[in-house]
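Note: hydrogens, waters and symmetry copies are ignored here, and every other heavy atom, side chains too, is used.
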Amino acid sequence: MINQYNDTEVEKIRESSLLVGKTLAEIAKHIKVGIKTIELDQIAEQFIRDHGATPEFKGYKGFPATLCISVNDAVIHGIPSEYELKDGDIVAIDCGVRKNGFVGDSAYTFAVGNVSEEAKHLMRVTKECLELGIAECLAGNRVGDIGFVIQQHAEKNGYSVVREFSGHGVGRKLHEKPDVMNFGRRGHGKQLRNGTVIAIEPMINQGTKNVTLDKDKWTVRTADRKLSAHYEHNIVARQGKFEVLSSFKEIEQVLGVNSD
């Protein structure tokens with residue numbers, strides 16, 4: 001069953017989603033060469049709790065941390081550790097919070113110091129994939145419409161789309177129906193309805209689409225160990241329009257780049 005949320009519930013999801021953006025903006029202030037990823041996790045947990053919410057990821061199916069921090073060839077679900085960020089790294093940070101019974105879930109890929117032009121291009125195209133997918137989030141459209149435009153844009157730029165993981169519905173739970181794949185065909189898949197809230201999250205690889213799982217049973221990496229990027233927004237489908245409930249604005253104010 002695909003949930004349809006009323007306006008009051010959507011506002012609660014928006015509140016949680018915006019708090020994720022604020023949390024990632026706080027993290028952005030601390031991303032620098034030499035900081036340990038576990039330190040970023042500690043900052044995020046304190047920030048979330050200080051704002052009257054709880055970290056949704058911590059303890060979810062046994063996950064041990066507040067943030068998923070995935071560096072370079074790690075696609076998703078990287079566990080914060082003693083690893084110190086290095087000049088040229090790219091780091092995808094995924095965060096979820098629960099407040100007033102509703103969940104927000106968003107991700108952003110950050111550049112550490114001076115990253116390569118190839119890395120910058122991958123990050124830019126992945127973010128463009130997200131924007132294209134969001135534009136398809138209209139009541140009456142299908143999840144295949146979203147996956148189609150993401151896949152087309154990624155592959156047009158010479159990149160590949162991870163197949164094993166996807167976006168999803170979000171609201172009272174972190175993962176709800178429908179699954180929102182980052183590949184697909186127009187007119188196929190579950191139909192979005194007014195009030196359907198989904199997390200769209202393209203995971204785009206520089207090389208092969210194939211992935212491997214680390215011994216920690218969480219960290220997913222590109223099989224060829226080339227770079228991967230990941231961005232995620234929460235969106236509610238409406239008749240003839242969509243509303244983005246999460247925001248990169250505060251993150252990009254910290255980073256000094258043009259916002260969404």
query: Does the pair I69 and Y83 meet the rule for a side chain to side chain contact (heavy atoms under 4.5 Å, CB included), with working shown?
result: CA-CA 10 Å; I69 302 183; Y83 177 83; over 6 Å; no
- request: Please test Y5 against K12 for side chain to side chain contact (heavy atoms under 4.5 Å, CB included), starting from the C-alpha separation and ending with a verdict.
  value: CA-CA 10 Å; Y5 289 106; K12 290 181 178 180; over 6 Å; no
- prompt: Are any side-chain N or O atoms of T196 and backbone N or O atoms of R193, one a donor and one an acceptor, separated by less than 3.5 Å?
  reply: yes
task: For the residue pair S228 and N205, confirm or rule out a side-chain donor-acceptor distance under 3.5 Å.
output: yes
- request: Apply the test salt bridge (Lys or Arg N to Asp or Glu O under 4.0 Å) to residues E176 and K173: give CA-CA distance (whole Å), side-chain angles for both, the deciding distance (0.1 Å), then the verdict.
  value: CA-CA 6 Å; E176 300 181 348; K173 297 180 180 179; over 6 Å; no
query: What is the minimum heavy-atom distance between I48 and C95, and which atoms define it?
result: CD1-SG, 3.9 Å
- prompt: With no hydrogens and no angle check, do the side chains of H153 and Y159 hold a donor and an acceptor under 3.5 Å apart?
  reply: no
message: Using modelled atom types and a 3.5 Å cut-off, is there a donor and acceptor pairing between side-chain atoms of S16 and backbone atoms of R98?
response: no
- prompt: For the side chain of T37 and the backbone of S81, is there at least one donor-acceptor N/O pair under 3.5 Å apart?
  reply: yes
message: Tell me the closest heavy-atom pair linking D41 and P80, and the distance in Å.
response: OD1-CG, 3.5 Å
query: Honestly curious: do I79 and I43 fall in one hydrophobic cluster under the side-chain, below-4.5 Å linking rule?
result: no
- request: Answer yes or no: is there a side-chain heavy-atom contact under 4.5 Å between Q42 and Q46?
  value: no
task: Identify whether I76 and L227 are in the same connected component of the hydrophobic contact network (ILVMFWY, side-chain heavy atoms under 4.5 Å).
output: no
message: Taking the side chain as everything from C-beta on, heavy atoms only, tell me whether R163 gets closer than 4.5 Å to Q151.
response: yes
- request: For the pair E118 and K226, find out whether any cationic side-chain nitrogen is under 4.0 Å from an anionic carboxylate oxygen.
  value: no
task: Give a yes or no answer on whether the side chain of E243 reaches the backbone of V236 with a donor-acceptor pair at less than 3.5 Å.
output: no
field: Expected output: side-chain D216 to main-chain W218 donor-acceptor under 3.5 Å
entry: yes
query: Going by heavy atoms in the side chains, are T109 and T126 under 4.5 Å from each other?
result: no
query: With the threshold set at 4.0 Å, does a side-chain nitrogen-carboxylate oxygen contact exist between E39 and K36?
result: no
message: Restricting to side chain to side chain donor-acceptor pair (under 3.5 Å), what partner residues turn up for T23, sequence neighbours left out?
response: none
message: Between V162 and V220, is there shared hydrophobic-cluster membership here, with clusters defined by ILVMFWY side-chain heavy atoms closer than 4.5 Å?
response: yes
query: Run the side chain to side chain contact (heavy atoms under 4.5 Å, CB included) check on I198 and V170 step by step: do they pass?
result: CA-CA 5 Å; I198 60 173; V170 64; 6.0 Å; no
query: How many angstroms lie between CD in E128 and CD1 in I204, if you round to the nearest 0.5 Å?
result: 11.0 Å
message: Are the side chains of S246 and E232 in contact, using a 4.5 Å heavy-atom criterion?
response: no
- request: Show the numbers, then the answer: is there a salt bridge (Lys or Arg N to Asp or Glu O under 4.0 Å) between E136 and R186?
  value: CA-CA 10 Å; E136 298 292 327; R186 283 200 178 279; 3.2 Å; yes
message: For the backbone of R142 and the side chain of D145, can you confirm whether one donor and one acceptor N or O come within less than 3.5 Å of each other?
response: yes
message: Please give me the minimum heavy-atom distance between T66 and A44, naming the atom from each residue.
response: CG2-CB, 4.1 Å
Residue pair I2 / K190: nearest heavy atoms and the distance that separates them: CD1-CB, 3.7 Å
field: Ring-ring centroid check H77 F165, cutoff 6.0 Å
entry: yes
query: Is V180 close to S166 at the side-chain level, that is, under 4.5 Å between some pair of heavy atoms?
result: no
message: Restricting to side chain to side chain donor-acceptor pair (under 3.5 Å), what partner residues turn up for T208, sequence neighbours left out?
response: N210
statement: Sorted by chain and number, sequence neighbours left out, salt bridge (Lys or Arg N to Asp or Glu O under 4.0 Å) with E15 holds for K99
message: Quick check for you: to the nearest 0.5 Å, what is the distance between L40 atom CG and H30 atom NE2?
response: 8.0 Å
query: Atom CE in M123, atom NE2 in H230: separation rounded to 0.5 Å?
result: 13.0 Å
Backbone N/O of V97 and side chain of E56: donor-acceptor pair under 3.5 Å: no
- prompt: Side chains of V112 and I31: does their closest heavy-atom pair fall under 4.5 Å?
  reply: yes
message: Counting only heavy atoms not in N114 (residues, nucleotides, ligands), do more than 12 fall under 6.0 Å from its CG?
response: no
task: With rounding to the nearest 0.5 Å, note down the distance linking SG in C137 to NZ in K241.
output: 12.5 Å
query: Under the salt bridge (charged side-chain N to carboxylate O under 4.0 Å, His left out) rule, what pairs show up with a residue in residues 84-93, not counting sequence neighbours?
result: none
field: With sequence neighbours excluded, residues passing salt bridge (Lys or Arg N to Asp or Glu O under 4.0 Å) with R172
entry: E9
OG on S247 to CD on E252, rounded to 0.5 Å: 8.5 Å
message: Just checking R225: does its CZ atom have more than 12 heavy atoms from other residues, nucleotides or ligands closer to it than 6.0 angstrom?
response: yes
message: When you measure from the side chain of S17 to the backbone of N234, do you find a donor-acceptor pair of N or O atoms at a distance under 3.5 Å?
response: no
message: Is there a continuous path of hydrophobic side-chain contacts, each under 4.5 Å between heavy atoms, that joins V125 to I90?
response: yes
- prompt: Measuring from I27:CD1 to K22:NZ, what's the distance to the nearest 0.5 Å?
  reply: 15.0 Å
message: Would you say the rings of H188 and F148 are close, in the sense that their centroids are separated by under 6.0 Å?
response: no
field: Side-chain touch D73/D224, heavy atoms, less than 4.5 angstrom
entry: no
- line: What one should report as the nearest heavy-atom pair of I200 and L130 is O-CD1, 3.4 Å
message: Strictly by salt bridge (charged side-chain N to carboxylate O under 4.0 Å, His left out), give each pair with a member in residues 200-214 just once, sequence neighbours left out.
response: D214-R221
- request: Check A139 against A237 and note the closest heavy-atom contact, atom names and distance.
  value: N-CB, 3.8 Å
field: Shared hydrophobic cluster, Y108 / F47 (ILVMFWY, side-chain heavy atoms < 4.5 Å)
entry: yes
message: Is there a side-chain contact between F57 and D94 in this structure, where contact means two heavy atoms from C-beta onward sitting under 4.5 Å apart?
response: yes
message: Evaluate L18 against L245 for side chain to side chain contact (heavy atoms under 4.5 Å, CB included), listing each step before the verdict.
response: CA-CA 7 Å; L18 291 176; L245 304 178; over 6 Å; no
